[in-house]
Amino acid sequence: TPTYVWVYWDTNNWGTNKSWGNSYDFMSQPQATGSLTYQATALLPNTYYWYTYYASNLAGDAWGQPTQEMFKTFGPPEVVNDPGPTEVTYRSATLNGILVNGGSTYIFIHWWTNGSESTNVIDFGAARSEGSFATNITGLGTGGVAISHRCFASNIYGTTWADAATNFTTLLPLICYATPTGAGARDGTDWDNAFDSAVTAVTACAGRTLGTVYLKYGVYSNNAVCAIANLPQMSIRGGYLGTSGGSPGATTDIPSVVTRSIAASNRIFYCTNSTVTFDSLTISNGFVNSATNAGGGICLLGCQTTITNCTLRRNGNTAGSVRGGAIHASGSGSTLAMFGCTLENNGSAGSYGYSYGGAVFASSVTVTVDNVVFDSNRIEGYDYSQGGCLWIEYGSLQARNCQFRNNYSRGYHESGVLHLYSLGALTFSNCVFSGNNPYTWTGAGVVSLIGVGVNGMRIVDCIFTNNNNAALGNPTGLI
């Protein structure tokens with residue numbers, strides 16, 4: 001039986017009716033069984049088309065099975081940077097793109113570090129079909145690096161760029177490692193690639209919500225302050241052996257000493273509005289001048305701070321005013337807790353101004369010290385120089401199992417080696433006060449209390465021995 005065949009195509013799928021926008025009648029001649037092909041022309045580029053065949057003879061009509069097929073024409077390429085960078089770490093990222101139109105097309109990704117004049121080009125090689133593509137880039141520095149990328153596509157119909165570059169910033173690391181001399185790539189990823197300075201490690205970690213810096217034993221000479229700001233958690237821990245294969249591995253009795261470079265004149269740590277932990281560090285030779293006279297070792301503004309197993313030594317100002325030679329802490333609601341620490345030889349000498357707290361100055365802070373030694377801290381001046389060891393106002397102080405020895409205050413007005421003013425609560429428990437010397441013109445005690453009510457004060461199981469409360473004008477007792 002003679003059979004007649006038509007092919008239908010359109011940008012819409014008209015199913016099994018004859019409303020298709022285009023058709024071809026195979027010469028109105030009856031067809032034998034076998035294959036049929038037709039080359040449609042004048043098609044729109046980058047456009048989806050549906051097509052189907054229809055046959056008719058005396059026995060009946062039939063549509064092609066399945067009822068219709070679909071194809072997409074080629075055309076000039078279209079490419080986007082979607083969905084943007086993924087798997088971003090502090091030194092790597094995955095760059096993504098989508099070839100939206102174009103069919104068989106060559107793909108490239110251009111990427112660069114913002115501010116750099118050089119551009120990196122990734123060539124994906126053989127022509128690709130439409131769809132997603134991605135590549136991983138590494139070696140992006142030590143974190144916090146601003147990078148841009150833009151996709152490019154080319155085929156026989158033309159070339160095109162993604163509409164605009166996509167920008168992103170690599171993450172700052174959660175954990176950083178540092179040794180006094182550095183190692184490997186010096187990117188802080190592990191002991192084998194450790195940073196070579198405490199400042200670099202703290203800076204790299206300080207942009208993250210949570211961060212920890214591990215320091216190998218040895219001496220770190222800072223040319224600048226280690227700054228920490230607005231972090232819910234930051235830890236700096238020292239005394240590690242720093243051997244490969246450990247994360248962070250074993251510790252040693254040899255300290256990690258964070259100190260000031262001979263050529264510099266800066267404090268060691270400056271922390272604001274953060275929760276900070278310092279562990280197993282020696283913090284020494286931090287310097288404050290008349291303009292920045294708060295906290296030569298550690299300055300804490302609005303912080304929740306824990307200091308464990310640390311030594312703070314020779315911090316302050318050699319010839320000027322100071323408010324906390326080793327530690328300055330202030331800010332309503334702040335806390336300062338020290339456990340198993342030693343603060344020695346901190347303070348100031350020769351000041352004509354106002355100096356408070358050779359070792360620690362705290363204002364509106366809840367202070368807790370347990371098993372802490374305060375030794376040979378001093379304030380020496382000619383005016384209001386008070387609290388050769390501690391100067392604490394408002395807030396509270398709880399001291400347990402501590403030793404206060406050989407601390408010194410010298411000034412015109414009344415001053416104790418521990419000068420405590422308007423505290424909400426005060427407790428000394430199992431503490432020893434020995435060899436302290438408050439020396440003033442108008443009255444002194446080893447512990448000077450002003451505005452601390454009896455109900456808010458407890459001194460339990462403490463020893464006062466060999467203290468010298470030498471006041472030239474009006475000597476007072478130990479307290």
Side-chain angles (χ1 to χ4, degrees), residues 311-327 338 341-362 367 369 371-393 397 399-421 423 426-452 457-479:
T311 296
L312 288 95
R313 178 184 296 131
R314 295 190 302 273
N315 300 286
N317 190 339
T318 57
S321 62
V322 66
R323 285 168 170 77
I327 299 172
M338 291 186 284
C341 297
T342 297
L343 288 82
E344 59 186 13
N345 296 303
N346 302 286
S348 176
S351 171
Y352 284 90
Y354 296 78
S355 287
Y356 307 122
V360 176
F361 172 100
V367 180
V369 290
N371 193 28
V372 176
V373 175
F374 298 89
D375 189 359
S376 302
N377 303 286
R378 66 191 292 120
I379 287 290
E380 185 173 359
Y382 302 96
D383 208 328
Y384 282 96
S385 293
Q386 302 169 333
C389 180
L390 303 180
W391 197 97
I392 302 176
E393 65 175 359
L397 170 63
R400 301 184 298 265
N401 310 307
C402 294
Q403 297 184 49
F404 301 89
R405 63 195 189 202
N406 306 316
N407 300 288
Y408 178 77
S409 291
R410 175 172 178 150
Y412 180 81
H413 294 279
E414 70 281 350
S415 173
V417 170
L418 285 74
H419 189 93
L420 310 174
Y421 179 79
L423 300 185
L426 170 64
T427 299
F428 288 108
S429 175
N430 196 34
C431 295
V432 177
F433 300 79
S434 64
N436 299 289
N437 186 1
Y439 185 91
T440 69
W441 289 89
T442 60
V446 174
V447 180
S448 177
L449 302 177
I450 302 174
V452 179
M457 179 175 66
R458 297 176 66 247
I459 301 177
V460 181
D461 297 329
C462 293
I463 297 173
F464 290 78
T465 181
N466 296 321
N467 299 285
N468 178 22
N469 53 323
L472 297 181
N474 182 25
T476 61
L478 295 173
I479 299 176

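- Side-chain atoms of S348 come within 3.5 Å of backbone N or O of N317 as a donor-acceptor pair.
- The backbone N or O of Y408 sits nowhere less than 3.5 Å from a side-chain atom of N377 that would complete a donor-acceptor pair.
- L397 places a side-chain heavy atom less than 4.5 Å from the side chain of V369.
- In this structure E344 satisfies the salt bridge (Lys or Arg N to Asp or Glu O under 4.0 Å) test together with R313, sequence neighbours excluded.
- Looking at N436, its side chain does come within 3.5 Å of a backbone N or O of N407 through a donor-acceptor pair.
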Could you please spell out the steps behind the side chain to side chain donor-acceptor pair (under 3.5 Å) verdict for N430 and D461? CA-CA 5 Å; N430 196 34; D461 297 329; over 6 Å; no
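- Counting only distance, with no hydrogens or angles, the side chain of S409 and the backbone of P438 share no donor-acceptor pair below 3.5 Å.
- L426 places a side-chain heavy atom less than 4.5 Å from the side chain of L449.
- At a threshold of 4.5 Å between non-hydrogen side-chain atoms, the residues V447 and H419 do not count as touching.
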May I have the step-by-step check of side chain to side chain contact (heavy atoms under 4.5 Å, CB included) for V360 and M338, ending in yes or no? CA-CA 11 Å; V360 176; M338 291 186 284; 4.2 Å; yes
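- Of all heavy-atom pairs between Q386 and I379, the closest is N-CG2, 4.0 Å.
- Closest of all the heavy-atom pairs between C431 and N401 is SG-N, 4.0 Å.
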Check the pair L390, F361 against side chain to side chain contact (heavy atoms under 4.5 Å, CB included), reporting the backbone distance first and the verdict last. CA-CA 6 Å; L390 303 180; F361 172 100; over 6 Å; no
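- Here CG of N437 is found 11.5 Å from OG of S376. Values are rounded to the nearest 0.5 Å.
- A pairwise comparison of heavy atoms in N315 and A326 identifies CB-CA, 3.9 Å as the closest pair.
- V373 is not listed as a side-chain neighbour of L343, based on a closest heavy-atom distance of 4.5 Å or more.
- The side chain to side chain donor-acceptor pair (under 3.5 Å) check on N371 picks up nothing, with sequence neighbours excluded.
- Looking at F433 and V417, their side chains never come closer than 4.5 Å, going by heavy atoms from C-beta outward.
- Taken from OG in S448 to CG in L418, the straight-line distance is 9.5 Å, to the nearest 0.5 Å.
- Using cut-offs of 30° and 60° for the angle between ring planes, the F428 and F404 rings count as perpendicular.
- Every residue two or more places apart in sequence or in another chain that forms a side chain to side chain donor-acceptor pair (under 3.5 Å) with R314 is listed here: N285.
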Pair I392-L423, side chain to side chain contact (heavy atoms under 4.5 Å, CB included): steps then yes or no: CA-CA 8 Å; I392 302 176; L423 300 185; 3.7 Å; yes
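- A side chain to side chain donor-acceptor pair (under 3.5 Å) with R405 holds for exactly one of N467, D375, N466, T465; it is D375.
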